[in-house]
Amino acid sequence: MINNQEELRQTANQLSAKGKGLLAVDESTPTIGKRLAGINVENTEENRQAYRGMLFTSEGLGQFISGAILFEETLYQNHADGETMVSKINKLGIIPGIKVDKGLSPLAGAHEVETWCKGLEGLAERTAEYYKQGARFAKWRAVLQITADGCPTDLAIRENAWGLARYAKICQESGLVPIIEPEILMDGDHTIETTAEVQEKVLVEVYKACSENKVFLEGTLLKPSMTVSGADNKNKAGSEEVAKMTVRTMNRCVPASVPGIMFLSGGLTEEDASVYLNTMNSIEHKSSTSLTFSYGRALQQSCLQAWSGTNIEAGQKALMARCQANSEASTGDYVAGSQPSSQETLFEAGYKY
Ligand code: 13P
């Protein structure tokens, strides 16, 4: 029995507060390197500090964003002006969080595309330190892939669900709210019905493992992918269908005690990520669990380009525009095209490592 349930419940409720979502800026050093290369900026610690420092000094960001997921470097980093990034984030009224997984490895005994998520060893010690450093929630990204020859296998589903539940329990014992993220990649040409079928199976297994590990669900958040067609499907479902199927999947599988479902963008364009979320929030959802966002690429693409290494004001303006749009989408009030956005594809095949 953990004695900090009230704190966990409060943090989870704050993170899923109405009209707010999460800013996922926890790209590993190689991944942020790819993003910076896209704007011809070198992947140095100084440039990462400048970019993230720009994000965390965006005035008013806390109106739309409840929590920011950080990579370990940022949790221990100062802004160029000497103040800690954690202090900058807290001043905006945003809760700092931390990615605690150690990335993916091939899953022996399964299909060659399948993976398991590393990081359980020593996790209790690390989460205790992260809490002292100011983090109040955590993220662990498990990845599953749909293939024509039988993936995800039962072995991959079971292993990844179990890892998520073990991680969640360990985080809670340190006072961190775990974000449970079983991402289903968009890779493939499968239909939306196939995604729904797979996602139901995965979520059922995840919550079974949570129950077996005595995870306190009121102090967790779910970060799923939306229920979409495969990226190579020739007849992709549109926003109405995506919203309907996603809400159906969540209604069927996510316990009502979970306070927030914070979707990842997973390679959707900025505009689609907002429109799909908005459409979901315009139809009936049977529980009071909020349906909101925890986007990485879909909040940062225009911002990165506007910033381009030096232009702080333009970067912040672009960030605020996407954050406002998704805040509105989380209450069903977004008017498509009302904020500048990009329809550039953000999909990367095999986005795993
Ligand atoms: P995307 O929104 O770019 O998919 O990133 C969210 C995230 O944090 C994935 O773990």
Side-chain angles (χ1 to χ4, degrees), residues 15 21-36 38 51-52 55 64-72 74-75 95-104 115 117-119 135 137-145 160 163-164 167-168 177-187 195 199 202 206 221-228 231 242 246 260-277 280 291-305 319 322-323 325-326 329-330 341-342 344-353:
L15 290 168
L22 306 180
L23 174 60
V25 283
D26 58 323
E27 300 86 359
S28 64
T29 304
T31 301
I32 192 69
K34 281 195 267 174
R35 308 277 182 267
L36 293 174
Y51 174 61
R52 288 166 172 158
L55 302 177
F64 311 123
I65 298 295
S66 54
I69 316 173
L70 310 179
F71 192 58
E72 194 180 71
T74 320
L75 186 69
I95 303 175
I98 174 81
K99 170 187 172 76
V100 302
D101 68 70
K102 294 272 185 194
L104 306 172
T115 53
C117 186
K118 294 174 289 186
F137 71 103
K139 162 184 144 173
W140 176 280
R141 175 175 177 254
V143 174
L144 295 146
Q145 184 168 342
N160 282 289
L164 282 164
Y167 136 83
V177 165
I179 296 181
I180 295 175
E181 181 177 359
E183 174 168 0
I184 297 173
L185 295 179
M186 293 203 300
D187 298 58
T195 308
Q199 199 169 21
V202 169
V206 165
L221 298 169
L222 178 69
K223 177 164 171 163
S225 33
M226 293 181 195
T227 312
V228 293
V242 168
T246 306
I261 299 176
M262 335 292 281
F263 291 96
L264 58 90
S265 62
L268 296 174
T269 67
E270 287 183 339
E271 189 63 22
D272 282 352
S274 302
V275 169
Y276 292 1
L277 182 63
M280 273 182 229
L291 299 177
T292 185
F293 60 95
S294 174
Y295 296 159
R297 283 165 283 179
L299 284 177
Q300 294 184 74
Q301 177 67 7
S302 294
C303 167
L304 267 163
Q305 284 175 357
L319 175 70
R322 290 328 303 154
C323 291
N326 288 302
S330 74
S341 71
S342 148
E344 182 188 335
T345 178
L346 302 176
F347 174 69
E348 296 166 51
Y351 182 48
K352 286 199 191 135
Y353 300 104

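Atoms within each ligand, like the ligands themselves, are counted from 1 in listed order.
With sequence neighbours excluded, the residues forming a side-chain contact (heavy atoms from CB on, under 4.5 Å) with A24 are D26, I69, K223, S294, listed by chain and number. In terms of the salt bridge (Lys or Arg N to Asp or Glu O under 4.0 Å) criterion, residue partners of E183 (sequence neighbours excluded) are, by chain and number, R141. Every residue two or more places apart in sequence or in another chain that forms a side-chain contact (heavy atoms from CB on, under 4.5 Å) with L346 is listed here: E270, R297, Q301.
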Between ligand 1 and the protein, give all atom pairs where both partners are nitrogen or oxygen and the distance is under 3.5 Å, as lines of names plus distance to 0.1 Å.
unit_1, atom_1, unit_2, atom_2, d
ligand 1, 2 (O), S265, N, 2.9
ligand 1, 2 (O), S265, OG, 2.5
ligand 1, 2 (O), G296, N, 2.8
ligand 1, 3 (O), R297, N, 2.8
ligand 1, 3 (O), R297, NE, 2.7
ligand 1, 4 (O), G266, N, 2.7
ligand 1, 4 (O), R297, NH2, 3.1
ligand 1, 8 (O), K139, NZ, 2.6
ligand 1, 8 (O), K223, NZ, 2.7
ligand 1, 10 (O), K139, NZ, 2.5
ligand 1, 10 (O), E181, OE1, 3.2
ligand 1, 10 (O), E181, OE2, 2.8

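When every heavy atom of T115 is checked against every heavy atom of V143, the shortest pair comes out as OG1-O, 3.5 Å.
Remark: E27 engages R52 in a salt bridge, criterion side-chain N to carboxylate O under 4.0 Å.
Distance alone, capped at 3.5 Å, is enough to place a donor-acceptor pair between the Y167 side chain and the A138 backbone.
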